[in-house]
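Quick caveat: nothing in here was measured; it's all calculated off a predicted structure. The chains referred to below are lettered A, B, ... by the order of the sequence lines, with proteins before strands, and numbering in each begins at 1.
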Amino acid sequence: MARSFTLATWNINSVRIRTDLVERLAAERAPDVLCLQEIKCPEANFPSSVFRKLGYVHQAINGQKGYHGVAVLSRLPFAAIDRRGFCDKGDARHIAVTVDDGGDGVEIHNLYVPAGGDEPDATLNEKFAHKLQFLDEMAAWIGKAPAGRASIVVGDLNIAPLEHDVWSHKQLLGVVSHTPVETAALEAIRTGGGWVDAMRSHIPVPQKLYTWWSYRSADWSAADKGRRLDHVWACPAVAPRVAAIEVLRAARGWDRPSDHVPVIARIER
DNA sequence: ATGTCGTACTCCGTACGA
């Protein structure tokens, strides 16, 4: 019989200097599965033993030196692990696990989409061109009807697709993460693949919803100039099983925080 | 509104990515 579990996704912005924050999340929310992005270290330097002591004895890591990198920490065993490359760059931006939930299993894809630099013009900015190519490859991969498996996509997609996913739609239309070419591409991938935006199913438009606040703000909470860059997508079979979504805004105020906060989903059986 | 972070090398300051 399948059991319920909780799943968190969090861009940790260097896992080695924020192991204490992962410990705090484990103490306060105890997610069964934790998907991390921007671990910024190769697998050999990943602080596995710290997390093993927290009960995360199952760990799947795709890391590289200095930049990017993703990992899944889990109290549920993995039936499978997979890593996918994008844009032939050798970047560590994806890892998938199938968690054994006691039933047929749930496939979880953990993604870190390129940020895209500052200038939203692919002819002038290679990083933006890379982001658009990455989205093209995502479309070819998961932008078709989903396979007959229970699947979830989470991670830092570095795009705030909806008007109410940013503090000012009008002021951010020309800012990378909210430009029409990016938001249209991401929504086309999601809807084309039949993926359900689980965060918005639980916290609907027009409520403002953010998961990231820049470090370059004197008072991030008072200014509240956030963006929803982190996402939880569920395939049609899993969407009705997502019983709750929580954005842990308080984590942005923790000591030496990441600029992203965890998003936690409860998946019922 | 060019602001604050983290990482790596150029290695105690600078360059880069975000």
Side-chain angles (χ1 to χ4, degrees), chain A residues 9-25 35-47 50 61-71 86-94 110-122 124-135 154-161 165-179 181-183 186 210-231 249-263:
Chain A
T9 179
W10 193 9
N11 180 319
I12 192 68
N13 187 19
S14 172
V15 71
R16 288 172 296 170
I17 62 156
R18 284 188 242 283
T19 53
D20 57 328
L21 297 192
V22 175
E23 289 183 69
R24 182 164 176 181
L25 179 69
C35 295
L36 298 172
Q37 303 88 37
E38 281 205 88
I39 62 172
K40 294 190 177 182
C41 66
E43 181 164 359
N45 296 342
F46 190 81
V50 177
I61 299 150
N62 185 12
Q64 67 184 86
K65 186 163 80 171
Y67 307 103
H68 323 314
V70 291
F86 290 86
C87 307
D88 291 320
K89 290 181 89 81
D91 285 352
R93 296 182 177 275
H94 167 266
N110 179 13
L111 272 173
Y112 177 55
V113 172
D118 289 330
E119 179 60 53
D121 182 334
L124 301 176
N125 173 9
E126 272 183 22
K127 291 175 199 159
F128 196 69
H130 176 216
K131 186 176 197 174
L132 297 184
Q133 188 190 338
F134 192 100
L135 292 169
V154 302
D156 178 3
L157 305 186
N158 263 316
I159 296 172
D165 292 339
V166 293
W167 63 277
S168 169
H169 174 60
K170 204 174 167 183
Q171 288 180 251
L172 288 173
L173 272 171
V175 174
V176 172
S177 74
H178 194 60
T179 64
V181 63
E182 295 169 82
T183 59
L186 193 70
Y210 313 138
T211 63
W212 174 89
W213 293 262
S214 172
Y215 284 126
R216 304 170 188 175
S217 176
D219 189 341
W220 70 274
S221 188
D224 203 20
K225 293 181 175 177
R227 306 178 202 171
R228 182 170 71 117
L229 303 180
D230 302 276
H231 297 269
R249 180 184 169 108
R252 185 62 178 78
W254 291 354
D255 262 2
R256 296 246 285 165
S258 169
D259 46 356
H260 295 251
V261 298
V263 180

A:Phe128: ring-ring contact (aromatic ring centres under 6.0 Å, His included) partners, not counting sequence neighbours: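 In terms of ring-ring contact (aromatic ring centres under 6.0 Å, His included), with neighbours along the sequence ignored, A:Phe128 is linked to no residue.
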Just jot down the ring-ring contact (aromatic ring centres under 6.0 Å, His included) partners of A:Phe46, sequence neighbours excluded, or say none. A:Phe51
Among all residues two or more places apart in sequence or in another chain, which pass the salt bridge (charged side-chain N to carboxylate O under 4.0 Å, His left out) test with [X]?
{"X": "A:Asp121", "answer": "none"}
{"X": "A:Asp230", "answer": "none"}
{"X": "A:Arg93", "answer": "A:Asp91"}

Between A:Tyr67 and A:Arg16, name the one whose nearest nucleotide on DNA chain B is closer to the 5' end.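 With A:Tyr67 and A:Arg16 compared, the 5'-side residue is A:Arg16.
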Would you kindly compare A:Lys225 and A:Arg18 by the position of their nearest DNA chain B nucleotide and give the one closer to the 5′ end?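 The residue mapped nearer the 5' terminus is A:Lys225.
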Distance under 4.0 Å to a non-hydrogen atom of chain A counts as contact; along DNA chain B, which nucleotides mark the start and end?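 Taking any atom under 4.0 Å from a heavy atom of chain A, the span is B:dA1 to B:dA18.
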Just call it for A:His68: base, sugar-phosphate, or nothing, with non-hydrogen atoms closer than 4.0 Å on any strand.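 A:His68: backbone/sugar contact only, no base atoms under 4.0 Å.
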Hey, does the Lys NZ or Arg CZ of A:Arg227 hover above the aromatic six-ring of A:Trp167, less than 6.0 Å from the centre and inside 45° of the axis? no
Say you pick atom [atom1] in [N] and the same atom in [M]; how far apart are they, in whole Å?
{"N": "B:dC16", "M": "B:dT2", "atom1": "C1'", "result": "15 Å"}
{"N": "B:dA15", "M": "B:dC11", "atom1": "P", "result": "12 Å"}
{"N": "B:dG6", "M": "B:dT10", "atom1": "P", "result": "22 Å"}
{"N": "B:dC12", "M": "B:dA1", "atom1": "C1'", "result": "30 Å"}

